[in-house]
Structure formats: C-alpha cells, structure tokens
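When a ligand or atom number is given, it counts from 1 through the structure's own listing order.
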Amino acid sequence: MSIIGIDLGTTNSAAAIWQNGQAELIPNRLNEYLTPSVVHISQDGKVLVGRAAQERLLTHPNATASVFKRYMGTDRQLTLAKKTYSAPELSAFVLKSLKEDAENYLGEAVTEAVISVPAYFNNIQRKATILAGELAGLKVERLINEPTAAAIAYGLHEKPEHTQFIVLDLGGGTFDVSIMEYFEGVLEVHASAGDNYLGGEDFTGILVSKFLSTLHLNKTQLNPHELQLVQAQMEQAKRQFNQADVIKVEPFLKAQKETISLYKEDFIKLSEPLWQRLQRPIETALRDAKLKPADLDEVILVGGATRMQYFRSLIAKMFRRVPSANLDPDLVVAMGASIQAGLKARDQALEDMVLTDVCPYSLGVGTYNENDHLSTQGDLFSPIIERNTVIPCSRMSAYYTVNDNQTKLNLEFFQGEHRLVKNNISLGQLEVRLPKAKRGEEGVTVRLSYDVNGVLEVDVEVISTGEKHYKMILNTPSQLNEQDIAASKAKLSALKFHPREQEMNLALLARAERLYEGRLGDQREAVLRAIRWFESILEQQDPSAIGEAQTEFSQFLDTIEQDRLF
Ligand code: AMP
C-alpha cells in the first residue's frame, strides 16, 4: 500500500509518490501537476476543485473559495452556495481530489499521506490539517514542515556531515524564510521569519503601474476585463524579463495606440523597495539563528516567484553562492513529502522538529482607508504583532484621529494576513472617548500581548490624558469532538463530485463562461456560439469527437483571451 506525499498549498497543491527509488509527481485529471487550491460548490451541491473551480472565482464569487489555508486552525466559516464550510472541510475537498488522482494514476486505493505544513504552523493548525486529511478519507501518517520537505528533495538528509542551510520560499503573496540544520538524522528549523504581504504578485503590480502610467491611465479608468488583460500581459512581461532586457507590448487596449517598450532596468529600479523588503526577513532569520551568510552550506529556493532571475542574482550576491534551484520550485515540497512518505514506509523516517513557538497569525487593528473613495474596500489592517513572532510577545503602536473634534475612536481587533480588514477575522472591539482637538492631535497607544495559551490582551492608553482601557480576548478556536467530526463527514458525503472524465470539459466551459461575462458584442456572441457547439458535441458522447473538440475549443478561447480575433 502506497503512502503519497502532498503539498497542500495556499494557491496550489500537488502530490507525489516514492516509486522505483525516486520521487514521481502525480498528474491530476487535467494532466497537470499543480492543482489550484480552489473549491466551487454549485446550488445543487456538486463540488469542483482545481482549475475548473479557479475559473469560477470571477464569475461565481459567492460559490467559490480560495486561500482558505490562511484560516486553518480558526473558527472562521466560509459560505458557499448558502452553506458554511470550515477551512479543514474545504481543504478536505482538495485532498480528496488529489487522492482520486493518485488512485487513478497508481491503479490502487490510496488511504495514507504525508502532508506538508508551513514551519510556523502551531499545534492547532497542525491538528486542523490532520482533520482535513481524515475528512478526505486519508490517514495522515505524519506532517512535514515545508522547508524540511524542500531540503529532503534536494537530498540534504543524505549528507554525512552536519549541514546548515536556508530555505527561501517566495510564492504569489508571501515570503517565508527558514534556517535549518541537519545533524545525525534530525532536521531542525532554527529560525523562521517572513513577510505576509510580499510575493510575486507585488512585482507584477509594479509593472502594471508602470504600464498604466506610461499610457497616462489609472486603474479606475479600466473595466474589470481590461484590468485583467493588463494583469495577464504584465505577468507575462515579468517572466520574459528572465531572458530579455526589453519587452515590446503591442496595442491590446482601446486606449493604447502604439507599441510600448518596457525595460528590465526600469523594472528592477522600480522594484527597489520590494528587493529591500526581501532582505529584512532574511536578516531577521540569520540574526535569530546567530549565523552569518558565510556559515550556510546551501541556499534552497521554493515558490514560483524565485524564478525571477534578478531575485536569484541578488540572493547569489548576498550569500556568495549560487542557490540550489535545479528542481521545480513549485513542486519541490510535494516531492520532499513523498520522499518522507517513502522513508516512513521503510521505517526510516527523518525527525523533523520546530524549536520555536510562534504566533501563527498577524494581529492588529483596523484603520481608516484614505484611498477608499468609492467605499468598496473598507478599513485597512494595521498589523501590530506580525505573524511568526516568537511568543509570548507584546508590541505597541500609536493611532491618531482622522477628523477635527473627533471624540470617539472605535478600535476593532483582527487576526489575518490580508491588507483589508474585511478579509481578516474580527476578534473584538473597544470604544475609546477622546478630548476634542484638531485631527491627528489626539490619539491612543495600543499594546497587544499574546501568550502561549492563545490569550490576547489589549491595553489602550489615551496619549493626552493617560486614561487606560483593557480587554482580554481568548483566541483559541473551539476544539472539535468526535460528534462534530462525524457531522462534518456526513455533510461532505452529501455532496457529489463531478465525474473525473468530465472535469476537462467543465474547466473549458467555466473558462468560456468567464470570457462571456467579460466581453460584449461580437466577441460575446462568438463565445456563446462556441459554448453551444461544444455542448452539442458533449451530448453525442463520442470520446474521440470530444477529444478533438476540446483542443479546438481551447484554442478558440486562447484567441479570445488574447483579444486578437477581431
Ligand atoms: P506560487 O504561489 O509558488 O505558485 O508562486 C506564484 C508566483 O510565482 C506568481 O507571482 C508568479 O508570477 C510567479 N512566477 C511563476 N513563474 C515565474 C517565472 N518564470 N518568472 C517569474 N515569476 C514567476
């Protein structure tokens, strides 16, 4: 019986198996290695996972969930098609989909897995991950820290001597740094640090701003479809900068009359604040581990955004060595998890330990959002205790009035990683009265203290009068008992998955639907005709005709997406 290795990621997940002496990646039903961690549930209770679900994020936002890994270990419930689901339940759908793909690939039942988790996941988050496995019908043989999995994939556990190394994980929206040590069969995380608001998307954002400012446009002048096109073009440009110094963007927007050149040199210069921010957690982790760059034997890269060539050269300069990047940075964690699973099957599993206990989420308050002219965003999140801070810890920040003669300050406390509070979890509120004064002249200091038992204490002091306020927040999610777990299982089993062989068709139809919603006029008509044609082929149930139609339909959608059909 095989044990598979799973990387249950925030944006994408992947599975692999140790077979014939090597880690083998498992393709999903669309023949891809990465399965987006996105779940869609339709009104009639049918579940879609992966790319087909991802296509529906835009068209069916109320029935589709993504980035729920951020809510593991919390009581947060997400509503999909009017029913609520916890993060472990949603993760269970992703795991179930990977399990089925593995069973299909291996031709046998798969009931056991090694699943990776971030090194900074605390006990509650780890238990939530094990529960997700159980709900998906997988016994979680063990959890493995993501940087440990990456290290194993690079074979660091096979080195005879004592090794110290750093794992840099730059994904779409987060940056995680772990300093690790391998010694006599034990892999230890010595220090972890990170930036929850820094990832590949921020670099794309720089190019989007540059492109729009060249055209003297701002984002509010574009419709959502145009914005999405700009985003996609700039994502492509960012990748092309790995090989080219200048990129020519042909006109693709109404407002763009001529070809625009983008220069790598400008991109790198404009991204300077981001390059600077990348260095901070690296320095923190090194300082925490009491190491210098020269003490490290290896630098390992994980996450899609570490493919940026300039990132690599910066890291090479910092550490005076070429980073290890010969394995696919998006798949290396799944590969490592499968190697651990293989070792486990042979009773040779490595010990994987985390030394420090850290605060698993950022904790902070909501603050006034000056740029929210249309009132669509709501308050901004101002983190006071950053995720990954070693606990117990206590941090303070000051906040000031935004209106003249403002006499009331309503402080609301949140946990989470999103820059808008509406996407984070509210923990409680405190109202404070202030003397009348000009805006910005009255304010409070807010001290947050978080202890090992998950208790959050809030101390607020009015700066001018010294008046104090106190609130205690119990920040431990309720623990599930056997009965709750049985209820969860019953709830999930009432939902049906679409048959595997239909998922390619569903992914194509979902993509077409998204394009239909984003277009008008002739293009919309053309998409509609293509949908009807594709559906009519599906009705005939002739597998070879369906296969050919899939290719043709997909190519047609490519041309529509590139906007060059008419
Ligand atoms: P992940 O969440 O690990 O899949 O990382 C996704 C991020 O990696 C996105 O921001 C992508 O833009 C970025 N990325 C993927 N491939 C490349 C590439 N070839 N060059 C630069 N960035 C990339």
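If you check the side chains of E298 and S324, you find a donor sitting under 3.5 Å from an acceptor. Of the N and O atoms on the side chains of Q276 and E272, at least one donor lies less than 3.5 Å from an acceptor on the other residue. N505 and Q550 are linked by a side-chain donor-acceptor pair at a separation below 3.5 angstrom, with hydrogens and angles left out of the test.
Using bins of under 30°, 30° to 60° and over 60° for the plane-to-plane angle, the ring pair H60/H40 lands in the perpendicular bin.
Shortest non-hydrogen contact noted between R126 and P118 is NH2-O, 3.5 Å.
Taking the six-membered ring where the residue is Trp, the centroids of F252 and F211 are separated by under 6.0 Å.
For ligand 1, none of its N or O atoms has an N or O atom of T204 under 3.5 Å away. At least one N or O atom of A305 sits closer than 3.5 Å to an N or O atom of ligand 1.
Within ligand 1, the atoms closer than 4.0 Å to a non-hydrogen atom of T11 are 2 (O), numbered from 1 in the order shown. Close approach to G303 involves these atoms of ligand 1, each under 4.0 Å from a residue heavy atom: 3 (O).
The protein heavy atom nearest to atom 14 (N) of ligand 1 is G304 O, 3.4 Å. Closest to atom 4 (O) of ligand 1 among all protein heavy atoms lies D330 OD1, 3.0 Å. Protein heavy atom nearest atom 11 (C) of ligand 1, with residue, atom name and distance: E235 OE2, 3.4 Å. In this structure, the protein non-hydrogen atom closest to atom 10 (O) of ligand 1 is E201 OE2, 2.8 Å. Looking from atom 6 (C) of ligand 1 to the surrounding protein, the closest heavy atom is G172 N, 3.7 Å. Regarding atom 15 (C) of ligand 1, its nearest protein heavy-atom neighbour is R239 NH2, 3.3 Å. In terms of protein heavy atoms, atom 20 (N) of ligand 1 is closest to N242 ND2, 3.0 Å. Among all non-hydrogen protein atoms, the one lying nearest atom 21 (C) of ligand 1 is M308 CG, 3.6 Å.
A donor-acceptor distance shorter than 3.5 angstrom exists from the side chain of S86 to the backbone of E89, with no hydrogens or angles considered.
Remark: Q279 CD is packed, more than 12 non-hydrogen atoms of other residues, nucleotides or ligands lying under 6.0 Å away. The neighbour count for K422 NZ, taken as heavy atoms of other residues, nucleotides or ligands under 6.0 Å away, is above 12.
Under 4.0 Å from ligand 1, the heavy atoms of N12 that appear belong solely to its side chain.
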